[in-house]
Amino acid sequence: MSQQAVHDMGSEIPAGLNGLSSIDARRLLGKVGPNRWVKQDRFVRVREVLSLMLDPMAVMLIIAAVVYFLLGETRDAIVLALALIPVLGVDVLLEARSRAALDKLARAAAPSADVVRDGQVVSAPLEKVVPGDLLVLREGHVTAADGVVRWVANLAIDESSLTGESEPQQKRAWPTTPGDAAPDARFFAGSQVVAGHGFGVVTTTGAATQ
């Protein structure tokens with residue numbers, strides 16, 4: 001999914017606000033990594049192999065092969081061991097097809113975010129949002145990362161999933177150092193904009209977000 005220019009209400013960039021260039025965004029992406037809120041499981045493949053080996057049919061064949069081998073029936077043990085190949089092969093094939101279908105669906109439904117790149121508002125994959133990006137905060141959108149509001153027009157964000165507050169939180173602009181921003185000038189990944197619109201600078205992405 002590539003960047004696409006956005007031309008609709010709320011996409012005009014206020015004076016004095018600048019986003020990143022595409023070159024800087026790519027450089028930062030290589031440095032900080034994709035904006036994934038949940039870390040990828042490095043041991044997922046190991047668990048998949050163990051799951052396949054614990055298939056009831058596979059377990060039965062393994063036990064039978066071991067028993068025949070201990071009884072001295074080496075030929076029968078080898079035959080049973082070879083029978084594991086088609087049993088596990090079917091499971092591997094079905095797993096591969098399922099994974100391919102899920103990956104295709106995920107790519108088709110990949111979330112995106114509106115950011116300012118090269119002086120214009122573009123729609124970019126959520127995973128490619130980086131610290132320093134100027135993020136468009138628009139009614140109905142889910143915020144792509146943690147950050148600080150720079151410009152607002154009646155902006156209210158639902159942060160109940162993070163804070164438990166039942167009422168949307170009204171936001172104000174914070175024009176100075178992001179690290180000193182007040183709570184009502186901050187926004188957080190996964191929160192939903194319920195009213196108004198604004199622009200905010202991204203400070204944190206990925207698993208480090210709140």
Side-chain angles (χ1 to χ4, degrees), residues 1-14 17-40 103 105-163 165 168-175 177-179 181-210:
M1 182 177 176
S2 58
Q3 294 182 172
Q4 296 181 344
V6 176
H7 303 287
D8 56 10
M9 290 185 61
S11 64
E12 291 194 11
I13 306 167
L17 293 183
N18 299 301
L20 298 172
S21 68
S22 297
I23 294 175
D24 287 339
R26 284 195 296 270
R27 177 179 57 79
L28 284 166
L29 184 64
K31 182 178 179 180
V32 303
N35 179 32
R36 297 192 184 104
W37 300 340
V38 179
K39 290 183 178 180
Q40 287 188 316
D103 287 344
L105 181 62
R107 286 194 298 271
S112 62
D114 291 346
V115 296
V116 177
R117 298 269 175 88
D118 300 318
Q120 65 177 339
V121 176
V122 298
S123 180
L126 185 143
E127 288 194 350
K128 294 187 177 180
V129 173
V130 296
D133 260 328
L134 187 61
L135 185 68
V136 181
L137 305 168
R138 199 191 310 271
E139 184 175 345
H141 282 198
V142 174
T143 52
D146 291 358
V148 174
V149 179
R150 288 304 200 191
W151 182 92
V152 295
N154 193 35
L155 179 67
I157 300 179
D158 179 4
E159 298 175 344
S160 57
S161 61
L162 181 67
T163 66
E165 293 283 348
Q169 303 300 299
Q170 203 72 26
K171 298 296 178 179
R172 66 184 173 104
W174 188 268
T177 307
D184 61 352
R186 295 182 179 275
F187 57 88
F188 304 99
S191 302
Q192 185 169 24
V193 179
V194 296
H197 65 280
F199 288 79
V201 61
V202 173
T203 55
T204 310
T205 59
T209 59
Q210 291 292 319

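Computed over heavy atoms, backbone and side chain alike; hydrogens, waters and symmetry mates excluded.
- Considering CG of L155 and CZ of F187, their distance stands at 9.0 Å, rounded to 0.5 Å.
- The CZ atom of R36 sits 4.0 Å away from the CD atom of E127 when rounded to the nearest 0.5 Å.
- A distance of 9.0 Å separates CG in L126 from OG1 in T143, rounded to the nearest 0.5 Å.
- Listed by chain and residue number, R172, A182 satisfy the side chain to side chain contact (heavy atoms under 4.5 Å, CB included) test with D184 (two or more places apart in sequence, or in another chain).
- Of the inter-residue distances, the one linking R26 atom CZ with S21 atom OG reads 8.0 Å to the nearest 0.5 angstrom.
- Residues P131 and V32 come closest through the heavy atom pair CD-CG2, 3.9 Å.
- Separating the CG atom in D114 from the NE2 atom in H197 is a distance of 12.0 Å, to the nearest 0.5 Å.
- Of the possible donor and acceptor atoms, one in the side chain of D158 sits under 3.5 Å from a partner among the backbone N and O of S160.
- Nearest heavy atom pair, residue V201 against residue L134, reads N-CD1, 4.2 Å.
- Counting only distance, with no hydrogens or angles, the side chain of R150 and the backbone of W174 share a donor-acceptor pair below 3.5 Å.
- Between R186 and E159, none of the side-chain N atoms (NZ, or NE/NH1/NH2) sits under 4.0 Å from a carboxylate O, so this pair counts as no salt bridge.
- No side-chain donor-acceptor contact under 3.5 Å links D146 to the backbone of T204.
- For the side-chain contact (heavy atoms from CB on, under 4.5 Å) test with V148, the passing option among T203, T177, V202 is T203; the others fail.
- When the salt bridge (charged side-chain N to carboxylate O under 4.0 Å, His left out) test is applied to R27, the partners found at least two apart in sequence or on another chain are D24.
- Considering all non-hydrogen atoms of both residues, G132 and L20 come closest at O-CG, 3.5 Å.
- Side-chain N or O atoms of T209 include none that pairs as donor or acceptor with a backbone N or O of A145 at under 3.5 Å.
- At a threshold of 4.5 Å between non-hydrogen side-chain atoms, the residues N18 and V116 do not count as touching.
- Here the shortest heavy-atom pairing between R138 and V121 reads NH2-CG1, 4.4 Å.
- Taking the six-membered ring where tryptophan is involved, the planes of W151 and F199 are perpendicular, since the angle between them exceeds 60° and thus also 30°.
- Although no hydrogens or angles enter the test, the distance criterion places no donor-acceptor pair under 3.5 Å between the side chain of N35 and the main chain of T205.
- Residues R117 and A124 share a closest heavy-atom pair of NH1-CB, 4.5 Å.
- V152 approaches A173 most closely through the heavy-atom pair CG2-N, 4.0 Å.
- The stretch residues 200-210 participates, sequence neighbours left out, in no salt bridge (charged side-chain N to carboxylate O under 4.0 Å, His left out) pair at all.
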